Amino acid sequence: FVSGEKMYRTGDLAKWLPDGNVDFIGRIDYQVKIHGFRIELGEIEAAMLCSKGVHQAIVAVRTDDRGDKYLCGYAVGDDTLSTDDMHIYLKQELPAYMVPARLMLLEQLPLTANGKIDRKSLPEPQGTVHIGAEYVAPRNTVEQTLVSIWQEVMDVEVVGTMDNFFDLGGDSIKALQISARLSKFGLQLRMRDLFTNPTIAELGAYVHESVLQAEQGAVTGPVHLTPV
C-alpha cells in the first residue's frame, strides 16, 4: 500500500498470519474457475431468476465421481417451474460453459442463523449430469471419430452427437487432448470452434483434413504462440 496510489482489488478473502504468510479463505464475489473459464456465479443466478416460475436461485460448484468440478443450480419457484424448461432457457441466455450441468428444485433455500443463504447446507445432487439431450448416433465418419475420441478423453461409455462438451466435464486441457487425437486421423480443429460449438452435431462442420506444407528453406520472422 502506497498512500495516494491505486491498488488492485482481487476479490479474494484472506488474512495475515503471525508468520507473515497469507491464508487464502475464498472469494468475496463467488467467482469460480470451471472448464478453464472464470465464472461469476451471480451472472448465472441472475439468468435463472429470469426463467419462468423462478422466485429464488443460487448456483454452487460441485465435484462429480471423477473428481471434475461442475455447476449446480438450485431454484425455488411456483408450480409451473420445470428444470427442463429452465435448462432450455439458460442455454439460450448463457454461454455453454456457464449453463449448470445439474438443476435442482427446492421448497426453500437453507438459511443460516442470521437469515443468510447457507451455501454449505445445499443438498448434494443425485443422479447423473443433466445433458439435456436424447442419444443421437453419429451420421458420418467425422462424427464417429469425434464420438470415439470424446469417449476416451471424457472417460464416458456412451456419447451422442447432441451431448454437450462442457456437460460431460470438458475443459481447455481436454480440448487440447481432443485436438491432438484428431491429428492422428489426419484431421484438425480449432479450440475456438469447439468452445462455440460444444456438440458433435455442430462441431463436425468445423473439422477439416490436415494439410501439411513443410517449408524446406530457411524461415525467419516472429513465431506466433500456439494453444500449448
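In this text the structure is predicted, and so the values were computed from the model without any measurement.
Annotation: side chain of Val159 is not in contact with side chain of Met154 (no heavy-atom distance under 4.5 Å). In this structure the side chain of Ile39 reaches within 4.5 angstrom of the side chain of Leu71, judged on heavy atoms. Contact annotation: the side chain of Arg62 approaches that of Glu124 to within less than 4.5 Å [non-hydrogen atoms, C-beta and beyond]. Using a 4.5 Å cut-off on side-chain heavy atoms (C-beta onward), Met86 and Leu81 make contact. Proximity of Phe165 to Asn197: side-chain heavy atoms (C-beta onward) are nowhere separated by under 4.5 Å. Using a 4.5 Å heavy-atom threshold, the side chains of Val76 and Leu109 count as touching.
In this structure, Thr145 OG1 and Lys184 NZ are separated by 13.5 Å, a value rounded to the nearest 0.5 Å. Taking OG from Ser51 and CD from Glu93, the interatomic distance works out to 9.0 Å, rounded to the nearest 0.5 Å. A distance of 8.5 Å separates CG in Leu189 from NE2 in His208, rounded to the nearest 0.5 Å. A distance of 9.5 Å separates CG of Leu182 from CG of Leu194, quoted to the nearest 0.5 Å. Between Arg102 atom CZ and Tyr74 atom OH the span is 9.0 Å, to the nearest 0.5 Å. Here the NE2 atom belonging to His55 is positioned 10.0 Å from the CG atom belonging to Leu49, to the nearest 0.5 angstrom.
Side-chain atoms of Glu45 come within 3.5 Å of backbone N or O of Val59 as a donor-acceptor pair. Remark: side-chain polar atoms of Asn21 are not paired, donor with acceptor, to backbone N or O of Leu17 under 3.5 angstrom. Not one N or O on the side chain of Gln144 forms a donor-acceptor pair closer than 3.5 Å with the backbone of Asn140. Counting only distance, with no hydrogens or angles, the side chain of Asp163 and the backbone of Gly160 share a donor-acceptor pair below 3.5 Å.
Transitive grouping of hydrophobic side chains (ILVMFWY, heavy atoms separated by less than 4.5 Å) brings Met104 and Ile117 into a common cluster. Residues Val142 and Met191 fall within the same hydrophobic cluster, defined by Ile, Leu, Val, Met, Phe, Trp and Tyr side chains chained together at heavy-atom separations under 4.5 Å. At a threshold of 4.5 Å between side-chain heavy atoms, the hydrophobic network of Ile, Leu, Val, Met, Phe, Trp and Tyr places Ile149 and Val156 in one connected group.
Side chains of Gln151 and Ser148: no donor on one and acceptor on the other come within 3.5 Å. Side-chain polar atoms of Arg190 and Tyr206 form no donor-acceptor pair below 3.5 angstrom. Thr80 and Asp78 share a side-chain donor-acceptor pair at under 3.5 Å.
Classification of Lys174 and Asp171 as a salt-bridged pair fails, no side-chain N sitting under 4.0 Å from a carboxylate O. The pair Lys33-Glu40 fails the salt-bridge criterion, with no side-chain N (NZ, NE, NH1 or NH2) lying under 4.0 Å from an Asp/Glu carboxylate O.
A ring-centre distance under 6.0 Å is found for Phe37 and Phe195.
Here the shortest heavy-atom pairing between Ala75 and Met48 reads CB-CE, 4.1 Å. Listed here is the closest heavy atom pair of Leu90 and Pro100: CD1-CD, 3.9 Å. Annotation for Leu203 and Trp150: closest pair CD2-CZ2, 4.1 Å, computed over non-hydrogen atoms.
For Thr63, the side-chain hydrogen bond (donor to acceptor under 3.5 Å, both in side chains) criterion is met by no residue, not counting sequence neighbours.
Heavy atoms of other residues, nucleotides or ligands lying less than 6.0 angstrom from CG of Asp19 number more than 12.
Under the side-chain contact (heavy atoms from CB on, under 4.5 Å) rule, Arg181 has a single partner from Leu146, Leu187, Val153, which is Val153.
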